[in-house]
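Predicted model, so just to flag it, every value in this text is computed and none were measured.
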Amino acid sequence: MDLTEEQLRLDTLCVRAGYAPGEHNNAVAVPIFQTAAFNAVDTARQKRVFAFEETAFGYARSANPNAAVLEKRVCALDGAVSAVATCSGMSAVTYALLNAAEGGRILTTYSLYGGTVDSFKKVYPRHGVGVDLVENINDLEALERAVRPDTKAVFVESVSNPNAEVADLEGIAGVAHAHGIPLIVDNTIPTPYLEQPIRFGADVVVYSVTKALNGHGNAIGGLVLESGRFDWSAPKFPQFHEKLYTLRDRQGRERSVLEVFPQAPFVSRIRTLLLPFYGATLGAFEASLVLIGLETLSARLEKQTRNAERVIGFLENHPRVSWVKHPAAKDSPFHALAKKYLPRGAGGIFTFGVAGTEEQRDRFIDSLRLFSFHANIGDVRSLVTNSPRSTHRELSLNEQALAHLPPESIRLSIGLEDPCDLIADLSQALNRAFEERTAANCCSHSYTQEQKHA
């Protein structure tokens, strides 16, 4: 009996979904199609393609085979009907929100990546899109009160950057759908391994594939996925009814994306309208790197999550650490939501507070030896950054407070190193910062050379 992708489990899909070797000279790995364009073959085929009677690659600014495999593979992981790859996570967020909210407003929260919040101030108003923010996206009554007649979408991060706050997706989706508007979810931190937002009511899912989907810190990219369940034909979204000359049929009749792409109008409108003209296309080589990273997704996320839990346990008991924000932390208010939405764990990104002065916090970061000091996350290498002065430096002090990000916040992204080594590094850096001599409460570090490499 042949197995269909619908019957396969996540680990198998990570390695095989969306690719048929027999269509590519039986290459086991996806070949890199490093080309700017694809031959139209003949005029008859060109007419079929331009009338959308046949799907084919033309100019690589709109699509390439490597990105297409990536799109299909992540669709299989997330249960989406269609996807479009972009050159960065921010372009994915921007395309998704502009596509949904044209002429209207977005309802969201401050508990997001700082660059996203800053774009709400500097970019969206210039495109005629307003933004309303609630302090607690899980306060469903407050969310309900914030919905306006011209609200076109609710936008959340499933697990927020940097504090790992867990969104109540089913509850938020219920509010959004009661008002006939979609829920758009940034699922970058959990990835489909830890959470699949479409299962809980998300209509559109976006990713920065730069982060854990790729996981190796060597490529920038984004994805927008469509669930196929939202009714984009509603009068609230006239942009999907617009007749476009570029979507005309053989007889020259102009058509809308709803007519040409009824199964996936949201993603198709991005691909046919926003992607060609704004040009934020994912290149073939970058897509290839992400596909390689995807093959080890579950192994990486599982170890990073377990490593993070070990590190959190150490930090919670350290006298110089005032708090830890992660669903695995003892005092986290997100235990119940994490149990519901993230049964495998909440991932390896979290913040903690270093009690002391700014000088001592700087000395702590400068004393770390295993943690790379920069603003990426989801890497196989462990990373550290001072979020109020890096990833969220665009936010005012008041906005940082609304995002629950006090000045002492340090963000960690836990990698694949041995957790005892990571704990030892954090311990010695805290000791140097406060000029103390205390031992790491993890495990013995008097390894022999043989034990270190076992």
Check the angle between the aromatic planes of [X] and [Y] and answer parallel, tilted or perpendicular using the 30° and 60° thresholds.
X: Phe364; Y: Phe352; answer: perpendicular
X: Tyr278; Y: Tyr95; answer: tilted
X: Phe314; Y: His318; answer: perpendicular

Kindly determine whether Tyr341 and Phe200 satisfy ring-ring contact (aromatic ring centres under 6.0 Å, His included), including the steps that lead there. CA-CA 8 Å; Tyr341 294 110; Phe200 301 106; 4.7 Å; yes
Test item: Phe261 and Thr272 side chains (from C-beta on) under 4.5 Å apart, heavy atoms: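 Of all side-chain heavy-atom pairs linking Thr272 with Phe261, at least one is under 4.5 Å.
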Is the shortest side-chain heavy-atom distance between Glu141 and Arg145 below 4.5 Å?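 Yes, close enough: below the 4.5 Å cut-off.
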Going by side chain to side chain donor-acceptor pair (under 3.5 Å), Tyr207 matches just one of Asn214, Asn187, Asp186. Which one?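 Checked Asn214, Asn187, Asp186 against Tyr207; only one passes side chain to side chain donor-acceptor pair (under 3.5 Å): Asn187.
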Gap separating the [atom1] atom of [X] from the [atom2] atom of [Y], nearest 0.5 angstrom:
X: Ser382; Y: Asp425; atom1: OG; atom2: CG; answer: 9.0 Å
X: His392; Y: Thr116; atom1: NE2; atom2: OG1; answer: 8.0 Å
X: Ile32; Y: Leu289; atom1: CD1; atom2: CG; answer: 7.0 Å

Do [X] and [Y] meet the criterion of a side-chain donor-acceptor pair at a distance under 3.5 Å?
X: Glu309; Y: His326; result: no
X: Thr391; Y: Ser387; result: yes
X: Glu102; Y: Asn99; result: no
X: Thr296; Y: Arg300; result: yes
X: Ser298; Y: Asp11; result: yes

Kindly indicate, with the supporting measurements, whether the criterion salt bridge (charged side-chain N to carboxylate O under 4.0 Å, His left out) is fulfilled by Asp118 and Lys121. CA-CA 5 Å; Asp118 197 36; Lys121 297 182 290 185; 3.6 Å; yes
Between Ala92 and Leu223, which heavy-atom pair has the shortest distance, and what is it?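 Nearest pair, atom of Ala92 first, then Leu223: CB-O, 3.5 Å.
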Tell me whether Arg381 contacts the main-chain N or O of Leu370 through its side chain, where contact means a donor paired with an acceptor under 3.5 Å.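 No: the side chain of Arg381 does not pair with the backbone of Leu370.
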Set out, in order, the CA-CA distance, both residues' side-chain angles and the distance that settles side chain to side chain donor-acceptor pair (under 3.5 Å) for Ser160 and Ser111, then state yes or no. CA-CA 6 Å; Ser160 71; Ser111 294; 5.2 Å; no
